[in-house]
There are 2 protein chains.
Amino acid sequence: MVKVKKEAGAEQRILEAAKKVFMQKGLAGARMQDIADEAGINKAMLHYYFRSKDKLFEVIFKEAASNLFPKMVAIISEDISLFDKIRKFTKEYLEIVIENPYLPLFVLNEINKQPVNFHAKMFGAKPPDFSLLVKQIDSEVKKGIIKPISPVHLVMNMMSMCVFPFISKPMLQIVMHMDDLQFRYLMEQRKTEIANFIIDSIKK
Amino acid sequence: MVKVKKEAGAEQRILEAAKKVFMQKGLAGARMQDIADEAGINKAMLHYYFRSKDKLFEVIFKEAASNLFPKMVAIISEDISLFDKIRKFTKEYLEIVIENPYLPLFVLNEINKQPVNFHAKMFGAKPPDFSLLVKQIDSEVKKGIIKPISPVHLVMNMMSMCVFPFISKPMLQIVMHMDDLQFRYLMEQRKTEIANFIIDSIKK
DNA sequence: GTCTATAACTCGATAGAC
DNA sequence: GTCTATCGAGTTATAGAC
């Protein structure tokens with residue numbers, strides 16, 4: 001692969017290379033040699049900077065998770081109207097995932113493989129909590145502002161529509177006859193499409 | 001002369017064990033020893049019945065994909081109204097995935113890691129084609145039966161809401177404070193919830 | 001800090017007895 | 001068909017020169 005940032009420090013280059021390779025191949029599928037090649041650096045250096053493959057993976061995984069979750073939680077915790085929250089969440093979340101298209105599958109996939117104690121590794125001390133959003137939806141239903149809908153289903157629907165297209169991109173491209181450019185264009189559209197779709201469904 | 005079989009033939013036991021292990025750990029993460037242990041059989045037998053790890057994986061993967069895709073295609077090709085199609089697709093697809101909750105992540109994950117020629121392996125000769133459904137939606141929009149919406153986004157939304165909750169189950173359970181029973185109950189509800197949500201959004 | 005060489009180990013695959 | 005023993009390729013990790 002072509003390297004651009006030769007002036008970046010070795011440690012930084014390793015981190016970038018490791019992120020790329022782990023995201024594409026997962027923990028088990030990635031090779032230390034792949035990462036070294038990608039970083040344009042000797043394989044022994046990986047062990048010099050990060051003791052082992054597992055340690056290196058842990059750093060990458062933690063950073064990935066810390067990119068995904070806190071921002072989501074920040075948005076749903078804001079004190080704005082439900083419709084605005086839906087618009088903001090879907091737009092900003094799409095922006096994150098467009099920039100890091102491998103992130104969701106990587107995180108979800110490794111979570112499913114972790115045996116037990118991934119909570120701490122993944123979220124740090126405090127896992128995200130969507131109770132606030134669920135309560136807000138519940139409140140708006142009861143006030144009669146939106147149609148009756150189960151808050152949990154609504155949250156699931158919103159997250160699903162944001163994330164799933166990226167996870168299933170190769171399959172979608174086949175069954176929908178799309179190339180990369182068309183896919184990218186559609187994802188840009190979804191920054192507003194998803195919110196419109198949701199709001200059309202729940203507004204009175 | 002018909003021989004008396006063991007309670008399950010070795011080949012069958014291997015297939016079941018391989019399915020379980022590959023689904024949990026993926027191709028790269030699974031070990032032949034894991035599969036042998038799971039099947040209660042010697043490691044050498046795996047090679048006797050299926051030449052190599054790759055061949056064994058291919059059998060499992062093909063069977064998994066053939067569970068997922070043809071059924072989807074059959075439903076979207078039926079000659080019924082769009083609303084009925086949405087109701088039928090979401091309901092029957094949910095039923096498949098409830099029975100095989102690991103299937104979507106397994107298939108999607110391996111598709112993303114395959115280098116090139118996964119088309120043939122995955123779909124057999126002919127990949128599924130959603131053009132028919134896209135055309136039907138387009139037609140109903142133009143006739144003014146449903147609100148104007150991009151057919152591709154609508155199809156993405158429908159598939160996302162069906163599949164994503166199963167892929168993200170561990171994460172959802174954490175952020176939404178759900179146990180397995182609650183999750184199962186919600187998925188049962190989604191057999192009708194998703195169609196209602198979609199139809200509420202696009203009906204005039 | 002960086003590199004070469006290689007040790008230590010894991011794992012898929014095979015040989016050969018029964 | 002099934003098992004034990006082992007080989008050989010590929011990988012992580014380390015030793016040691018510079």
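These numbers were taken from a predicted model, which means no experiment stands behind them. No hydrogens, no waters, no symmetry mates; every other heavy atom, side chains included, goes into these values. Each chain gets a letter, A, B and so on, in the order the sequences are listed, and its residues count up from 1.
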Quiz item: With no hydrogens and no angle check, is any side-chain donor or acceptor of B:Arg87 less than 3.5 Å from a backbone partner on B:Ala195?
Solution: no
Exercise. Inspect the contact between A:Glu95 and A:Lys91 and indicate whether a charged nitrogen and a carboxylate oxygen are less than 4.0 angstrom apart.
Key: yes
Quiz prompt | N-O pairing of B:Asp180 and B:Lys169 below 4.0 Å | solution =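 Salt bridge between B:Asp180 and B:Lys169, a charged N being under 4.0 Å from a carboxylate O: yes.
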Round to the nearest Å and state the distance from [X] atom [atom1] to [N] atom [atom2].
| X | N | atom1 | atom2 | result |
| --- | --- | --- | --- | --- |
| A:Lys25 | D:dT12 | NZ | C1' | 16 Å |
| B:Gln33 | C:dC9 | CD | P | 18 Å |
| B:Met32 | D:dG10 | CE | P | 17 Å |
| A:Lys55 | D:dT12 | NZ | P | 17 Å |
| A:Phe50 | D:dT14 | CZ | P | 15 Å |
| B:Leu56 | C:dC11 | CG | P | 17 Å |
| B:Asn42 | C:dC11 | CG | C1' | 15 Å |
| A:Ile14 | C:dG1 | CD1 | C1' | 11 Å |

Phosphate contact ([N] OP1 or OP2) by [X] side-chain N/O below 4.0 Å:
| X | N | value |
| --- | --- | --- |
| A:His47 | D:dA13 | yes |
| A:Tyr49 | C:dT2 | yes |
| A:Arg51 | D:dA13 | no |

Exercise. Report which part of the nucleic acid B:Ala30 touches: base, sugar-phosphate, or nothing (heavy-atom distance under 4.0 Å, all strands).
Key: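 Sugar-phosphate, no base atom in range.
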Exercise. Would you classify A:Met45 as touching base, sugar-phosphate or nothing, given that sugar-phosphate means primed atoms plus P, OP1 and OP2, and contacts are heavy atoms under 4.0 Å?
Key: base
When you get a sec, tell me which of [options] is the closest nucleotide to the side chain of [X]?
| X | options | result |
| --- | --- | --- |
| A:Arg31 | C:dT2, C:dG12, D:dT12 | D:dT12 |
| B:Lys53 | C:dG12, C:dC3, D:dT11 | C:dG12 |
| A:Lys43 | C:dG12, D:dA13, C:dC3 | D:dA13 |
| A:Ile41 | C:dC11, C:dC3, D:dA13 | C:dC3 |
| A:Ala44 | D:dT11, C:dT4, D:dC3 | C:dT4 |
| A:Tyr48 | C:dT2, D:dA13, C:dG12 | C:dT2 |

Exercise. Decide yes or no on salt bridge (Lys or Arg N to Asp or Glu O under 4.0 Å) for B:Lys88 and B:Glu78, but give the supporting numbers first.
Key: CA-CA 10 Å; B:Lys88 188 168 182 183; B:Glu78 281 183 42; 2.8 Å; yes
Quiz item: Between A:Val97, A:Ile98, A:Ile96, which is the residue that forms a side chain to side chain contact (heavy atoms under 4.5 Å, CB included) with A:Asn100?
Solution: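 Checked A:Val97, A:Ile98, A:Ile96 against A:Asn100; only one passes side chain to side chain contact (heavy atoms under 4.5 Å, CB included): A:Ile96.
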